[in-house]
Amino acid sequence: MKILVTGATGYVGSQLVPELVRAGHEVSCMVRDQTAARNRSALAGTRLIQADALDPASLQSALVGIDVAYYLIHSMDSGKSEFAAHDRQAAGNFAFAARRLGVKRIIYLGGLISTTSKLSDHLKSREETGATLREFGPALTEFRAGIIVGNGSVSFEMIRYLTERLPVMICPRWVVTRTQPIAITDVVAYLVAALTTSESAGEVIEIGGASVETYRSMMLTYAHIACLRRWLIRVPVLTPRLSSYWLNLVTPIPASIARPLIEGLRTEVVCASNSAELFFPGIRPMSYPAAVLNALGRQVPDESLLESVPPESEHASVRRAGVICDARQAKITTSAEHVFAMLQNLGGKNGWPYANRLWQLRGLMDSLLGGVGMSRGRKAEGPLTPGDHLDFWRVEEVITAQSLLLRAEMKLPGRAWLQFVLSPVSTSETRLQIRAWFEPRGLAGELYWWVLYPIHRLIFRGMVSVIKSQAEVCIVGATPRRHGPIHVIRRSE
């Protein structure tokens with residue numbers, strides 16, 4: 001089936017596209033900037049089309065020959081103040097073009113709304129978008145969902161940051177508003193299943209998880225799963241405007257997005273029909289606690305964090321979905337095999353390439369806190385293999401001549417990894433990238449990262465420089481030592 005996904009670089013779109021590709025569909029992705037989207041791993045195996053729903057003339061090339069189009073466009077994500085007007089215009093343009101070009105169906109993901117209370121501008125806009133698509137376009141399957149639980153979802157990230165950063169929270173009245181959060185995996189399952197469920201055309205289908213929650217219960221559940229102690233104190237005086245400013249202060253969410261989002265949080269959004277069960281009996285949505293467990297159990301390192309970083313940047317610090325990556329790199333005039341052989345000698349009696357006394361001091365501090373410290377050293381001979389201890393690190397993954405991944409085993413308020421990545425630039429040049437990954441837990445994790453960041457900056461900048469210098473000096477008259485063919489070894493958890 002020929003599928004078009006709009007909003008393909010957004011949160012839901014980037015989760016949906018790989019599933020459609022795996023299902024064997026011919027997928028096209030409509031993006032506003034084709035160059036920026038080209039490096040997105042989530043869009044691999046698709047055809048990229050540059051178009052904008054606010055520009056009717058650009059939609060011809062995107063929609064011609066398409067069987068089903070997913071409409072996942074939402075102007076609020078861009079932070080525009082007039083998002084509702086933009087949403088109506090974009091939906092109208094898209095619906096007219098889709099009908100004219102013979103698209104058989106549109107599948108739209110909107111917001112779960114309440115029939116008993118006044119809608120916020122955010123939720124009203126989602127309802128109006130669905131109505132516009134239904135009136136002017138081909139047959140519409142409209143899903144309505146509340147909070148989507150998953151790494152990268154704005155609503156879930158708000159819960160994450162508030163719970164992680166604030167041991168004591170002064171909360172407005174909307175913390176006891178009922179809602180029915182749904183896991184991103186379940187949302188994607190519904191969206192994919194709709195393709196082969198023709199009877200869902202023309203229907204509005206409410207989807208939600210297996211448990212009804214309040215914002216208070218969601219934050220406390222997150223805290224329990226993350227092993228954090230949190231206290232929530234309700235006060236009646238925090239307006240949506242004040243709440244949005246407070247949210248902007250303690251989280252990375254801009255106030256332009258936070259305010260309409262918080263206004264929507266005052267509205268109870270719980271599924272009022274069983275249409276999802278009737279049309280999709282094979283999908284059994286998980287509960288909110290299970291969805292949080294899935295989110296917190298994600299794999300780190302996450303290479304997608306660095307997709308937006310220019311490849312020539314000497315330094316980049318990226319934070320997304322509760323994970324921080326600080327990356328430093330340099331070009332080295334030698335082969336990847338030679339640099340990799342040097343990396344195999346890290347730690348133990350050999351020490352570390354730069355500021356070895358600081359590494360030893362960190363090990364001493366860890367020992368005093370009851371950690372493993374530097375006492376374990378490393379095995380005396382041979383290349384590193386998954387499972388080996390390396391001072392206060394554990395070797396997690398080895399890809400010969402390409403990368404070495406170490407997982408921290410010292411006492412930390414979170415999880416940390418150190419990754420060395422090698423990639424050929426030319427036959428005589430290699431790019432070395434050192435990545436420090438950190439997943440902070442609670443306010444202690446945030447403080448740990450920022451207090452030690454100046455030291456980390458010094459150490460990793462120096463390490464890149466020293467490895468580069470030593471590799472280029474040692475290569476003169478030397479033959480790189482190889483450890484067999486390129487292969488991947490990863491320690492099973």
Side-chain angles (χ1 to χ4, degrees), residues 11 14 39-42 150-154 156-167 222-223 225-228 247-254 257 292 294-311 313-330 354-355 358-359 362 365-366 371 392-394 396-397 403-421 432-464:
Y11 175 62
S14 63
N39 295 327
R40 297 288 189 97
S41 58
N151 298 308
S153 163
V154 175
F156 181 67
E157 291 307 316
M158 181 183 72
I159 293 170
R160 183 206 301 276
Y161 281 114
L162 288 174
T163 309
E164 292 273 0
R165 294 183 172 184
L166 300 175
Y222 182 102
I225 293 172
C227 299
L228 302 170
L247 195 64
N248 189 39
L249 179 65
V250 299
T251 79
I253 301 173
I257 293 178
V292 174
N294 272 5
L296 296 186
R298 45 69 188 293
Q299 181 171 315
V300 182
D302 180 358
E303 303 292 329
S304 68
L305 258 70
L306 300 173
E307 289 176 346
S308 60
V309 176
S313 298
E314 292 184 2
H315 173 237
S317 188
V318 183
R319 178 168 193 154
R320 193 179 72 207
V323 175
I324 304 169
C325 180
D326 194 78
R328 297 181 182 275
Q329 68 177 11
Y354 183 79
L358 290 179
W359 289 88
R362 181 65 181 89
M365 293 171 60
D366 188 57
F392 44 61
W393 302 95
R394 178 78 63 174
E396 188 162 283
E397 183 182 73
S403 74
L404 173 66
L405 178 64
L406 310 177
R407 186 181 73 245
E409 292 191 334
M410 73 281 276
K411 295 288 186 179
L412 284 174
R415 298 191 296 168
W417 293 261
L418 181 60
Q419 186 178 30
F420 301 83
V421 178
L432 165 66
Q433 191 174 74
I434 298 180
R435 304 171 181 173
W437 298 87
F438 187 55
E439 184 184 43
R441 274 289 174 263
L443 183 59
E446 296 286 341
L447 294 175
Y448 175 87
W449 173 259
W450 292 113
V451 167
L452 292 184
Y453 183 73
I455 299 175
H456 289 161
R457 180 177 180 178
L458 171 70
I459 290 176
F460 295 124
R461 182 175 58 188
M463 186 181 293
V464 168

inquiry  = Quick check for you: to the nearest 0.5 Å, what is the distance between Ile324 atom CD1 and Tyr453 atom OH?
reply    = 10.0 Å

Test item: side-chain donor near acceptor, Ser304 and Arg40, under 3.5 Å = no

task = Could you check Phe460 against Tyr354 for ring-ring contact (aromatic ring centres under 6.0 Å, His included), going step by step and ending with a plain yes or no?
result = CA-CA 8 Å; Phe460 295 124; Tyr354 183 79; over 10 Å; no

inquiry  = Using the rule given for side chain to side chain contact (heavy atoms under 4.5 Å, CB included), can you reason through Arg407 versus Trp393, listing the C-alpha separation, both sets of side-chain angles and the distance that settles it, and then say yes or no?
reply    = CA-CA 5 Å; Arg407 186 181 73 245; Trp393 302 95; 5.8 Å; no

query = Under a 4.5 Å cut-off applied to non-hydrogen side-chain atoms, are Phe420 and Arg435 in contact?
reply = no

ask   = Nearest 0.5 Å, what's the CZ-OG distance between Arg457 and Ser317?
value = 10.0 Å

inquiry  = Check this for me: does any side-chain nitrogen of one of Arg415 and Glu409 sit under 4.0 Å from a carboxylate oxygen of the other?
reply    = no

task = Working to the nearest 0.5 Å, report the span between CZ of Arg362 and CD1 of Ile455.
result = 10.0 Å

remark   = So CG of Leu458 and CG of Leu452: to nearest 0.5 Å the spacing works out to 12.0 Å

message = Any salt bridge linking Glu446 with Arg165? Criterion: basic side-chain nitrogen under 4.0 Å from a carboxylate oxygen.
response = yes

task = Begin from the C-alpha positions of Ser403 and Glu397 and carry the test side chain to side chain contact (heavy atoms under 4.5 Å, CB included) through to its verdict.
result = CA-CA 8 Å; Ser403 74; Glu397 183 182 73; 4.2 Å; yes

key: Closest approach of Pro413 to Ala444 (non-hydrogen atoms, all atoms of both residues)   = CG-O, 3.7 Å

request  = Find the distance between OH (Tyr161) and CZ (Phe156) and round it off to the nearest 0.5 Å.
outcome  = 11.0 Å

query = Is there a donor-acceptor pair closer than 3.5 Å between any side-chain N or O of Ser14 and the backbone N or O of Tyr11?
reply = yes

key: Flag side-chain contact, heavy atom, 4.5 Å: Glu439 against Arg298   = yes

request  = Kindly give the heavy-atom pair with the smallest separation between Leu305 and Val318, and that separation in Å.
outcome  = O-CG1, 3.4 Å

query = Do you know which two heavy atoms are closest between Ala416 and Phe438, and how far apart they sit?
reply = CB-CD1, 3.8 Å

inquiry  = Tell me whether Gln419 contacts the main-chain N or O of Ile434 through its side chain, where contact means a donor paired with an acceptor under 3.5 Å.
reply    = no

task = Taking the side chain as every heavy atom from C-beta outward, state whether Phe392 and Leu406 have any atom pair closer than 4.5 Å.
result = no

query = Would you say Arg394 and Leu405 make side-chain contact, with heavy atoms under 4.5 Å?
reply = no

request  = Could you check if a side-chain atom of Arg328 sits within less than 4.5 angstrom of a side-chain atom of Leu432, using non-hydrogen atoms only?
outcome  = no

Heavy-atom pair with the smallest gap, counting every atom of Leu228 and Gly442 = CD2-CA, 3.8 Å

request  = Compare every heavy atom of Gly322 with every heavy atom of Pro440, then report the nearest pair and how far apart it is.
outcome  = CD-O, 3.5 Å

ask   = Does Glu157 use its side chain to pair, donor to acceptor, with the backbone of Gly152 at less than 3.5 Å?
value = yes

ask   = Taking atom CD of Glu314 as the centre, does the number of heavy atoms from other residues, nucleotides or ligands within less than 6.0 Å exceed 12?
value = no

inquiry  = Less than 3.5 Å apart, any donor N or O on the side chain of Arg320 or Asn151 sitting next to an acceptor on the other?
reply    = no

note = What one should report as the nearest heavy-atom pair of Gln329 and Gln433 is OE1-NE2, 3.0 Å

query = Do Asp326 and Trp437 have side-chain heavy atoms sitting under 4.5 Å apart?
reply = no

message = Can you confirm whether Cys227 sits close enough to Arg441 that some side-chain heavy atom of one is under 4.5 Å from a side-chain heavy atom of the other?
response = no

